[in-house]
Trainee: 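Here you go, one structure.
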Amino acid sequence: MYYFVNENIFTFNSGTEFSAINRQQEFKKNGMKSKIVTRNYNGRIHADAKDHGLDDDDFISMYDFFQGTTGVKREHNKLRYSDIVDKRNYHIVGINNNSSLIKYHGNTVAKVEIAPGTIGEIGTIIYYDRFGNETSKDIYDSRGFKSKTVYLHPNGETGHELLYDIDGKPVMEITHMFINGKVFPTMYKLLDYNGKNLRFNTEDELFTFFIQELLNQKEGVIINDRPSLIEAIANVQTNCHKYQFLHGPHTTDVNLGGSKYGKVFENLRPLFGKFKSAYSGVIVPTAEQQSELQKFFSNFNIYNIADFTVDGENFVDENNQQTDSKDILYIGRLFEDRHIDHLLKITQLVKAEFHDVKLHLVGYFGSKEYSDQIKKQIDDMKLKDNVIIEGYQLGDKKI
């Protein structure tokens, strides 16, 4: 069994998640047993995974595992027909397609937010006190059952969380406390897990225990896709091989490549130092990166394996003909660190030679502020007819 370790499967994924998803699909196609393993809580993970072409048996979520809900099938839980609201005493008042209010004798006691991508199905229920302050939230899994309750501090920040099994029995607690004026999760507790209550200080400690439990059930090879989980995976006590996959650059300054003054990113230093002995090696997507890292870490196993796949059947134009289109395609996060403004300058230079050039931006913006900034630049540079913001795309799309 191959375990591909990641933080989450999101509604809007980055290249790392797409790499993991495509790899899982290729392994499955070739009859190799594997699963994507995720750490973060995500009540929509099954819906998000389905949108990206994954089946429930393609991945396992830590919270699913401890909640005992890995094999639960989806059931519709529409607000209008749900028994969570006693309609003899409470009145449902629709606001719009995305939310409804629950009223008692004219007073609003709760608001129901409809699950994204559904018609009338419960996503989150927010409860209010008599002064209109939020006191708690019930989070519903995309498969139709109540998964978690979040209790709030008076200032609206999370104070305590309870997670449930499919029958509504609490199986986990997460405690949040104020530290230096900010709220942090300070304890994760498994309730009656194999007859014991188990406490963990951090989510990563819990995740290490979770991976250990997976390996106790079925041993395998661990491939960690996220640098943020280097320590959590290093702390797993096992004879199984563990590898770290680096999907991006490793150095702080590409101009120092090959130089003795070159340094790896701060978040990667533990991998090549403190936790080096815990890993069987590092996997990188290019031979150049492999050669570069091997210069600095000659006694560490560095492997070169591509982190993307190409479907040969769909790689060429359907008519197998070249075109004279003048299109520039960018696929990725539309974030400030991606320097989308540089692409606009390139497009402006190309436009001087080819007035009908088109730049296609496929991805999602990191913030409304950055989106507004880029759109203003497009206007200022007179590129409105040359730049097409396609947004985040899934599935087959011809550009």
Side-chain angles (χ1 to χ4, degrees), residues 1-9 16-17 19-20 23-24 34-42 45 59-68 70 161 163 171-177 179 184-191 193-248 250 264-284 293 296-297 299-303:
M1 174 68 79
Y2 287 86
Y3 296 107
F4 304 131
V5 178
N6 218 308
E7 292 176 343
N8 206 344
I9 298 171
T16 298
E17 285 78 35
S19 175
R23 184 206 300 141
Q24 171 61 22
S34 59
K35 283 184 184 291
I36 297 173
V37 180
T38 64
R39 180 197 62 183
N40 296 10
Y41 176 84
N42 178 1
I45 193 168
F59 69 96
I60 182 166
S61 153
M62 176 176 75
Y63 287 91
D64 257 4
F65 180 85
F66 289 126
Q67 290 180 263
T70 55
E161 298 175 71
L163 292 98
V171 293
M172 186 189 300
E173 292 181 14
I174 306 174
T175 300
H176 298 248
M177 297 185 68
I179 300 176
F184 295 95
T186 55
M187 184 188 69
Y188 293 77
K189 184 195 288 186
L190 295 179
L191 305 175
Y193 182 74
N194 292 335
K196 297 180 180 179
N197 291 342
L198 303 176
R199 296 188 181 199
F200 304 87
N201 293 321
T202 66
E203 190 173 36
D204 278 351
E205 285 185 12
L206 178 61
F207 191 61
T208 297
F209 176 73
F210 163 56
I211 297 295
Q212 198 79 57
E213 292 292 276
L214 283 185
L215 294 175
N216 289 341
Q217 293 183 1
K218 190 173 185 64
E219 292 187 342
V221 175
I222 298 174
I223 298 176
N224 179 29
D225 284 306
R226 281 291 176 187
S228 58
L229 298 174
I230 286 172
E231 182 173 358
I233 297 305
N235 288 334
V236 175
Q237 301 302 306
T238 178
N239 292 322
C240 296
H241 289 289
K242 296 182 283 189
Y243 299 90
Q244 178 65 44
F245 208 128
L246 302 183
H247 293 274
H250 60 273
V264 297
F265 283 117
E266 192 71 33
N267 66 332
L268 298 180
R269 290 187 183 183
L271 172 65
F272 296 103
K274 180 180 179 180
F275 301 120
K276 179 180 174 183
S277 62
Y279 285 86
S280 300
V282 172
I283 304 170
V284 295
L293 279 169
F296 291 102
F297 309 103
N299 59 345
F300 205 175
N301 294 320
I302 313 291
Y303 303 93

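Nothing fancy with the numbering, it's 1 onward along the sequence.
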Trainee: Name the residue from Tyr3, Tyr279, Tyr243, Phe245 that meets the side chain to side chain contact (heavy atoms under 4.5 Å, CB included) definition with Asn224.
Mentor: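 In the set Tyr3, Tyr279, Tyr243, Phe245, the residue that makes a side chain to side chain contact (heavy atoms under 4.5 Å, CB included) with Asn224 is Tyr279.
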Trainee: Should Glu161 and His176 count as side-chain neighbours, where that means a heavy-atom distance under 4.5 Å?
Mentor: yes
Trainee: With no hydrogens and no angle check, is any side-chain donor or acceptor of Thr208 less than 3.5 Å from a backbone partner on Ala232?
Mentor: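 Answer holds: yes.
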Trainee: For a quick test of reading the model, state the closest non-hydrogen atom pair linking Ala20 to Asp225 and the distance between them.
Mentor: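 Result for this residue pair: CB-OD2, 3.9 Å.
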Trainee: Could you state the interatomic distance from OG1 (Thr38) to CG (Asp64), rounded to the nearest 0.5 Å?
Mentor: 7.5 Å
Trainee: Do any pairs count as a salt bridge (Lys or Arg N to Asp or Glu O under 4.0 Å) and have a residue in residues 226-236, sequence neighbours left out, and if so which ones?
Mentor: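 Only Glu17-Arg226 qualify under salt bridge (Lys or Arg N to Asp or Glu O under 4.0 Å).
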Trainee: Quick one: do Phe275 and Ile233 satisfy side chain to side chain contact (heavy atoms under 4.5 Å, CB included)? Show the steps, please.
Mentor: CA-CA 9 Å; Phe275 301 120; Ile233 297 305; over 6 Å; no
Trainee: Just so I know, are the side chains of Val282 and His250 near enough to count as touching, which here means a heavy-atom distance under 4.5 Å?
Mentor: no
Trainee: Among Tyr193, Phe66, Phe209, Phe207, find the one that has a ring pair (Phe, Tyr, Trp, His ring centres under 6.0 Å) with Phe200.
Mentor: Phe209
Trainee: Can you give me the closest heavy-atom contact between Met1 and Lys35, atom names plus distance?
Mentor: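 It is SD-N, 4.1 Å.
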Trainee: Could you give all pairs that pass the salt bridge (Lys or Arg N to Asp or Glu O under 4.0 Å) test and reach residues 207-221, with sequence neighbours left out?
Mentor: none
Trainee: Looking at Gln24 and Ser34, would you say the former's side chain and the latter's main chain have a donor-acceptor pair under 3.5 Å?
Mentor: yes
Trainee: CE/Met62 to CG/Asn8 distance, rounded to the nearest 0.5 angstrom?
Mentor: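 Result: 11.0 Å between the selected atoms.
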Trainee: Decide if atom CE of Met177 counts as having more than 12 heavy atoms of other residues, nucleotides or ligands within a radius under 6.0 Å.
Mentor: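 At most 12 heavy atoms, drawn from other residues, nucleotides or ligands, come within 6.0 Å of this atom.
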Trainee: In the structure I gave you, are the side-chain heavy atoms of Ile211 and Thr238 within less than 4.5 Å of one another anywhere?
Mentor: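 Ile211 does not reach Thr238 side chain to side chain.
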Trainee: Can you check side chain to side chain contact (heavy atoms under 4.5 Å, CB included) on Asn6 and Phe4, steps first, answer last?
Mentor: CA-CA 7 Å; Asn6 218 308; Phe4 304 131; over 6 Å; no
Trainee: Within a radius of less than 6.0 Å around OH of Tyr2, do more than 12 heavy atoms belonging to other residues, nucleotides or ligands occur?
Mentor: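 At most 12 heavy atoms, drawn from other residues, nucleotides or ligands, come within 6.0 Å of this atom.
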Trainee: Report the C-alpha distance between Gln217 and Phe65 in whole Å, list the side-chain angles of each, state the deciding distance to 0.1 Å, and finish with yes or no for side chain to side chain contact (heavy atoms under 4.5 Å, CB included).
Mentor: CA-CA 12 Å; Gln217 293 183 1; Phe65 180 85; 3.6 Å; yes
Trainee: From Ile302 CD1 over to Phe296 CZ, what is the distance, rounded to the nearest 0.5 angstrom?
Mentor: 11.5 Å
Trainee: Evaluate the criterion side chain to side chain contact (heavy atoms under 4.5 Å, CB included) for residue pair Tyr63 and Ile45; output intermediate values, then yes/no.
Mentor: CA-CA 11 Å; Tyr63 287 91; Ile45 193 168; over 6 Å; no
Trainee: Closer than 3.5 angstrom, by distance alone: can the side chain of Gln212 be matched with the main-chain N or O of Gln237 as a donor-acceptor pair?
Mentor: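 Present.
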Trainee: Between CG of Leu198 and CD of Glu205, what distance do you get to the nearest 0.5 Å?
Mentor: 12.0 Å
Trainee: Please check this pair: side chain of Lys242 against backbone of Ala234, looking for a donor-acceptor N/O pair closer than 3.5 Å.
Mentor: yes
Trainee: State, to 0.1 Å, how close Phe300 and Leu271 come at their nearest heavy-atom pair, and which atoms those are.
Mentor: CE1-O, 3.9 Å
Trainee: Answer yes or no: are there more than 12 heavy-atom neighbours, outside Lys276 itself, under 6.0 Å from its atom NZ?
Mentor: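 For Lys276, atom NZ is crowded (more than 12 foreign heavy atoms under 6.0 Å).
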Trainee: Which heavy-atom pair separates Cys240 from Leu215 by the least distance, and what is that distance?
Mentor: SG-CD2, 4.1 Å
Trainee: Phe272 versus Gln244: any side-chain heavy-atom pair under 4.5 Å?
Mentor: no
Trainee: Give the minimum heavy-atom separation between Leu268 and Pro227, together with the two atoms involved.
Mentor: CD2-CB, 3.9 Å
Trainee: Where is the tightest heavy-atom contact between Ile174 and Pro185, given as atom of each residue plus distance?
Mentor: CG2-CB, 4.2 Å
Trainee: Quick check for you: to the nearest 0.5 Å, what is the distance between Ile9 atom CD1 and Ile36 atom CD1?
Mentor: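 With rounding to 0.5 Å, CD1 (Ile9) is 4.5 Å from CD1 (Ile36).
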Trainee: How long is the gap from CG on Asn267 to CD1 on Ile230, to the nearest 0.5 Å?
Mentor: 6.5 Å
